[in-house]
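Pasting a structure here, questions to come.
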Amino acid sequence: MARTDLQKLTRAELLELLIEQTKRADELEAQLAEARAQLQSREIAINEAGSIANAALKINGVFTAAEDAASQYLENIKLHTSQQQEICQKIEADARQHASEIIRHTELKCGEIERKVTDYWNSVSQRIDTMYQEYTALHEIFQTDTKDMKHAKKESEVSGAARTAKGTGKRKV
């Protein structure tokens with residue numbers, strides 16, 4: 001399978017490929033075990049046949065087949081491992097780039113929100129200061145007016161009492 005075809009595959013498909021290769025490797029190992037068993041049985045056959053030259057030719061064929069199968073298996077494993085590593089590296093690089101974009105976008109949004117909050121806080125703080133100053137001014141005016149009113153009331157009471165006393169005094173006379 002070409003490298004570009006592998007890059008187009010999803011993770012699930014890549015895992016399926018890897019599983020297939022593992023199964024293939026297991027099959028080849030089973031074949032190798034079978035070849036070894038045949039080799040052992042051939043050794044017995046050599047002993048029975050008594051012909052060393054004939055046995056060597058038979059064993060040589062088994063070893064050649066086993067060696068070819070093992071070489072093919074190793075080449076497939078190296079090829080697929082290399083391809084898997086390249087695909088994983090590309091996926092990791094893409095994920096890192098995507099994460100960096102998300103972080104950058106989030107930082108921009110946070111900065112914007114922070115500016116809005118700061119502006120709002122400054123506005124509220126300024127309004128509170130203005131209201132406090134107005135309250136203080138009104139409180140001072142109220143205190144002054146209350147004192148003036150109490151003073152005027154006392155004066156009014158004193159002058160009213162004096163008038164009553166004068167008016168009472170005239171009657172008695």
Q. Taking the side chain as C-beta and beyond, is there a heavy-atom pair between Asn76 and Gln21 under 4.5 Å?
A.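 Sidechains of Gln21 and Asn76: in contact.
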Do any N or O atoms from the side chain of Ser41 and from the backbone of Gln38 form a donor-acceptor pair under 3.5 angstrom? yes
Interatomic distance, CD@Glu29 vs CZ@Arg36, rounded to 0.5 Å, equals 9.5 Å
Problem - Ile77-Leu28 co-clustered via ILVMFWY side chain contacts under 4.5 Å - result: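 They do share one cluster, since a chain of ILVMFWY contacts under 4.5 Å joins Ile77 to Leu28.
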Notebook entry, point to check: Going by an N to O cut-off under 4.0 Å, is there a salt bridge joining Glu20 and Arg24?
Noted result: no
- [ ] Look at the side chain of Ser82 and the backbone N and O of Lys78, then say whether any donor-acceptor pair between them is shorter than 3.5 Å.
- [x]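 Checking the backbone N and O of Lys78 against the side chain of Ser82, no donor-acceptor pair under 3.5 Å is found.
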Sorted by chain and residue number, the side-chain hydrogen bond (donor to acceptor under 3.5 Å, both in side chains) partners of Thr106 (sequence neighbours excluded) come out as none
Dump the intermediate steps for side-chain contact (heavy atoms from CB on, under 4.5 Å) on Phe142 and Leu138, then the final yes or no. CA-CA 6 Å; Phe142 180 71; Leu138 286 172; over 6 Å; no
Give, for atom CD of Gln126 and atom CH2 of Trp121, the distance between the pair rounded to the nearest 0.5 Å.
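That separation rounds to 13.0 Å.
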| request: Check each of Ile128, Asn122, Asp129 against Ser125 using the side-chain contact (heavy atoms from CB on, under 4.5 Å) test, and report the only one that passes. | output: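 It is Asp129, the one option of Ile128, Asn122, Asp129 that forms the side-chain contact (heavy atoms from CB on, under 4.5 Å) with Ser125.
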Self-check item: CA sep, side-chain torsions, deciding dist, call: Ile87, Arg11, side-chain contact (heavy atoms from CB on, under 4.5 Å)
Solution: CA-CA 9 Å; Ile87 291 169; Arg11 281 186 177 180; over 6 Å; no
Distance, nearest 0.5 Å, that separates CD1 of Ile19 from CG of Leu14
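Output value for this atom pair is 11.0 Å.
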Next item on the list: Would you check, one step at a time, whether the test salt bridge (charged side-chain N to carboxylate O under 4.0 Å, His left out) holds for Arg115 with Asp119?
Entry: CA-CA 6 Å; Arg115 281 189 297 278; Asp119 290 346; over 6 Å; no
Handout entry: Any side-chain heavy-atom pair of Leu79 and Glu75 under 4.5 Å
Key = no
key: Rounded distance [0.5 Å steps], CD1 in Ile141 versus CD in Gln143   =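 Those atoms lie 11.5 Å apart.
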Looking at side-chain heavy atoms only, is the closest gap between Glu13 and Leu17 below 4.5 Å?
no
Query raised in the report: Is Ile91 linked to Leu18 within one hydrophobic cluster, defined over Ile, Leu, Val, Met, Phe, Trp and Tyr using a side-chain heavy-atom separation of less than 4.5 Å?
Result: no
| query | Would you call Lys90-Glu86 a salt bridge at under 4.0 Å N-O? | reply |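 No salt bridge links Lys90 with Glu86.
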